[in-house]
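What you see is a predicted model, and the numbers here were worked out from it, not measured in a lab.
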Amino acid sequence: MSEQYVEQLRAAGYKITPARSAVLAVIEQEGEHLNPAEILAQARTIHPRIGRATVYRTLELLTQLGLVRPIYLS
């Protein structure tokens with residue numbers, strides 16, 4: 001997982017939980033556009049107990065911090 005992401009999350013006052021680490025690892029290793037369902041499926045191989053809501057909350061947090069951007073497809 002990117003140390004830049006970890007540092008920015010910590011600087012903003014957030015903990016690096018196993019679930020957040022799993023989402024960050026999936027985003028970092030894929031390097032392509034993934035939808036939340038794809039992130040969830042891959043994150044479950046790292047952290048089997050991660051839930052859909054956790055993925056969405058983590059993506060929202062990463063978006064607010066400017067670490068990721070959403071892409072809307074029609």
Side-chain angles (χ1 to χ4, degrees):
M1 165 179 31
S2 171
E3 285 300 313
Q4 175 190 4
Y5 288 165
V6 170
E7 289 178 25
Q8 287 184 314
L9 283 167
R10 285 188 178 141
Y14 295 98
K15 294 180 181 179
I16 308 305
T17 64
R20 285 185 182 147
S21 294
V23 171
L24 288 170
V26 169
I27 291 170
E28 186 174 61
Q29 75 188 57
E30 281 305 309
E32 62 182 52
H33 307 296
L34 298 172
N35 65 45
E38 293 168 328
I39 293 172
L40 175 62
Q42 293 181 33
R44 281 190 171 154
T45 65
I46 300 167
H47 185 68
R49 295 182 59 195
I50 192 170
R52 181 179 311 275
T54 301
V55 171
Y56 277 94
R57 282 193 305 265
T58 301
L59 290 173
E60 180 65 28
L61 173 61
L62 296 173
T63 300
Q64 288 175 359
L65 295 175
L67 299 174
V68 299
R69 323 180 265 164
I71 295 177
Y72 301 100
L73 303 172
S74 58

Which distance, rounded to the nearest 0.5 Å, do you find between the [atom1] of [X] and the [atom2] of [Y]?
| X | Y | atom1 | atom2 | result |
| --- | --- | --- | --- | --- |
| Leu62 | Tyr5 | CG | OH | 7.5 Å |
| Gln4 | Leu9 | CD | CG | 10.5 Å |
| Asn35 | Leu40 | CG | CG | 10.0 Å |
| Ile50 | Gln42 | CD1 | CD | 11.5 Å |
| His33 | Ile71 | NE2 | CD1 | 3.5 Å |
| Leu24 | Ile39 | CG | CD1 | 10.0 Å |

Please enumerate all residues that pass side chain to side chain donor-acceptor pair (under 3.5 Å) together with Gln64, with sequence neighbours excluded.
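Expected list: Glu60.
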Side chain to side chain donor-acceptor pair (under 3.5 Å) partners of residues 45-58, not counting sequence neighbours, each pair once:
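For residues 45-58, and leaving out neighbouring residues, the side chain to side chain donor-acceptor pair (under 3.5 Å) pairs sorted by first residue read Thr54-Arg57.
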Would you indicate whether the side-chain heavy atoms of Leu34 and Ile27 approach each other to under 4.5 Å?
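No, their side chains stay 4.5 Å or more apart.
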What are the two closest heavy atoms between [X] and [Y], and how far apart are they?
| X | Y | result |
| --- | --- | --- |
| Val26 | Ala43 | CG2-N, 3.6 Å |
| Lys15 | Arg20 | O-NH1, 2.7 Å |
| Pro36 | Val55 | O-CG1, 3.9 Å |

